[in-house]
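In listed order, ligands and their atoms are each counted from 1. The basis for the numbers below is simple: all heavy atoms, side chains too, and nothing from hydrogens, waters or symmetry mates.
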Amino acid sequence: MGTDYNEYRREMVTLHLPFRHEESEILAESRYLQLYEENEALILDRRKEFESNLDIEKTLEICRELCREYVSDDGEEINDVVSRIPNENPFAELYHNPNADLNDDLRLALFDKLGSIAKKKDNILPYPEFYGLMRKANEEQREILFHTIHHSISNNEPMQKPLLIYLTGPAGSGKTFVIKALMEIYNRFSDTDGIFNAYIACASTGKAATAIGGTTVHNALSISLSRLLPLNIEKAHQYRALFELIKVIIIDEVSMVSSELLEQINERLKHITGLFTKAFGGLDEILFGD
Ligand SMILES: Nc1ncnc2c1ncn2[C@@H]1O[C@H](COP(=O)(O)OP(=O)(O)OP(=O)(O)O)[C@@H](O)[C@H]1O
């Protein structure tokens with residue numbers, strides 16, 4: 001016990017008092033004993049400063065908690081966040097109830113958050129203009145447009161399968177024309193709320209996206225450049241509420257979308273819609289490329 005106490009005093013003196021030569025100033029003739037007695041109050045003060053209430057385990061746990069959303073080294077964290085997204089959209093009932101006062105607020109809040117992705121639906125074309133657009137389409141364009149109209153009209157049939165189309169053509173062959181006509185068709189024939197579009201239009205690059213009035217794939221589905229991180233709960237709910245109204249994802253310049261990114265889109269849509277067994281979460285997917 002006595003030796004331990006001496007050892008303790010030696011340690012405290014070397015830790016908390018300044019010295020130049022440990023051997024001569026502290027250890028020789030056990031000077032540390034006297035130094036400790038003379039400076040005990042100071043040593044205890046300094047010790048308190050460094051050690052007060054420092055619960056390292058607790059501090060580390062708080063840090064881990066704060067970082068939890070971003071720490072995902074072993075995949076477990078990702079699964080955890082994904083499994084915390086409930087399958088049911090808690091807003092669905094509100095959203096489908098036309099009399100709910102909250103409904104408008106909810107839509108406006110959603111528009112505030114995700115409005116840049118599914119921009120406010122433009123008024124659909126008057127009939128003569130819509131017919132004019134259809135008449136303007138050449139034979140190949142018309143085939144795809146009519147097929148999509150038929151698909152949209154029968155969208156509520158139970159056995160209806162999602163539309164998966166990949167359209168290619170050289171520059172100037174009329175892809176943008178078809179994209180714009182498809183947007184009109186989806187808005188015209190889908191049962192949406194009139195605030196959001198029934199489609200999300202995006203492209204691999206910002207420039208290509210601007211040409212169709214859309215956004216980048218990464219922005220549209222919150223996919224980071226490095227890898228697919230899970231959506232936080234709030235964002236997942238916002239996406240789920242929005243995707244009650246979204247019928248199709250239109251992607252232009254898909255030749256510049258890597259297979260890895262395409263897989264990330266697939267995964268993201270499955271998590272948003274909760275339809276994990278369906279490709280692209282059961283949404284129509286129309287891809288354009290050269
Ligand atoms: N059926 C059509 N009738 C009349 N004009 C058309 C038709 N289809 C396309 N065009 C016109 O042809 C031009 C090129 O079409 P568009 O921009 O749609 O091609 P694109 O394949 O998207 O080209 P890019 O890949 O270079 O963007 C446009 O001016 C468009 O208005």
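Separation of the Phe276 and His271 ring centroids falls under the 6.0 Å cut-off.
The presence of a protein heavy atom under 4.0 Å from atom 4 (C) of ligand 1 is confirmed. Within the 4.0 angstrom cut-off, atom 29 (O) of ligand 1 has no protein heavy-atom neighbours. Checking atom 14 (C) of ligand 1 against the protein gives a heavy-atom contact under 4.0 Å. Remark: atom 10 (N) of ligand 1 lies closer than 4.0 Å to no protein heavy atom.
If you check each of Glu253, Glu140, Lys175 against atom 25 (O) of ligand 1, the one with the closest non-hydrogen atom is Lys175. The heavy atom nearest to atom 1 (N) of ligand 1, considering only Arg135, Gln141, Glu139, is found in Gln141.
Contact annotation: Ser173 has at least one heavy atom less than 4.0 Å from an atom of ligand 1.
Val178 and Leu163 fall within the same hydrophobic cluster, defined by Ile, Leu, Val, Met, Phe, Trp and Tyr side-chain heavy atoms under 4.5 Å apart, directly or through other members. Under the 4.5 Å side-chain contact rule for hydrophobic residues, Leu283 and Leu275 do not share a cluster.
By the 30° and 60° cut-offs, the orientation of the rings of Tyr239 relative to Phe243 is tilted.
Looking at Tyr186 and Asp284, their side chains do bring a donor and an acceptor atom within 3.5 Å of each other. A donor-acceptor contact closer than 3.5 angstrom links the side chains of Ser222 and Lys235.
The backbone N or O of Pro170 sits less than 3.5 Å from a side-chain atom of Lys175, completing a donor-acceptor pair.
The protein atom (non-hydrogen) at minimum distance from atom 18 (O) of ligand 1 is Phe177 N, 2.9 Å. Of the protein's heavy atoms, Lys136 O, 3.6 Å lies nearest to atom 2 (C) of ligand 1. Scanning all protein heavy atoms for the shortest distance to atom 16 (P) of ligand 1 gives Gly174 CA, 3.7 Å. With respect to atom 27 (O) of ligand 1, the closest heavy atom belonging to the protein is Thr176 OG1, 3.6 Å.
At under 3.5 Å, a nitrogen or oxygen of Gly172, whether backbone or side chain, sits near a nitrogen or oxygen of ligand 1.
Note that Arg188 lies in the cation-pi zone of Tyr127, set by a 6.0 Å cut-off to the ring centre and a 45° limit from the axis.
Below 4.0 Å from some heavy atom of Asn138 lie the following atoms of ligand 1, by number and element: 1 (N). For ligand 1, the atoms closer than 4.0 angstrom to any heavy atom of Pro170 are 21 (O).
Taking both residues in full, the closest heavy atoms of Ile149 and Met134 are given as CD1-SD, 4.2 Å, listed atom of the first, atom of the second, then distance. Residues His21 and Ser24 come closest through the heavy atom pair CB-OG, 3.2 Å.
With a 4.0 Å heavy-atom cut-off, ligand 1 is reached by the backbone of Ala137 but not by any atom from C-beta on.
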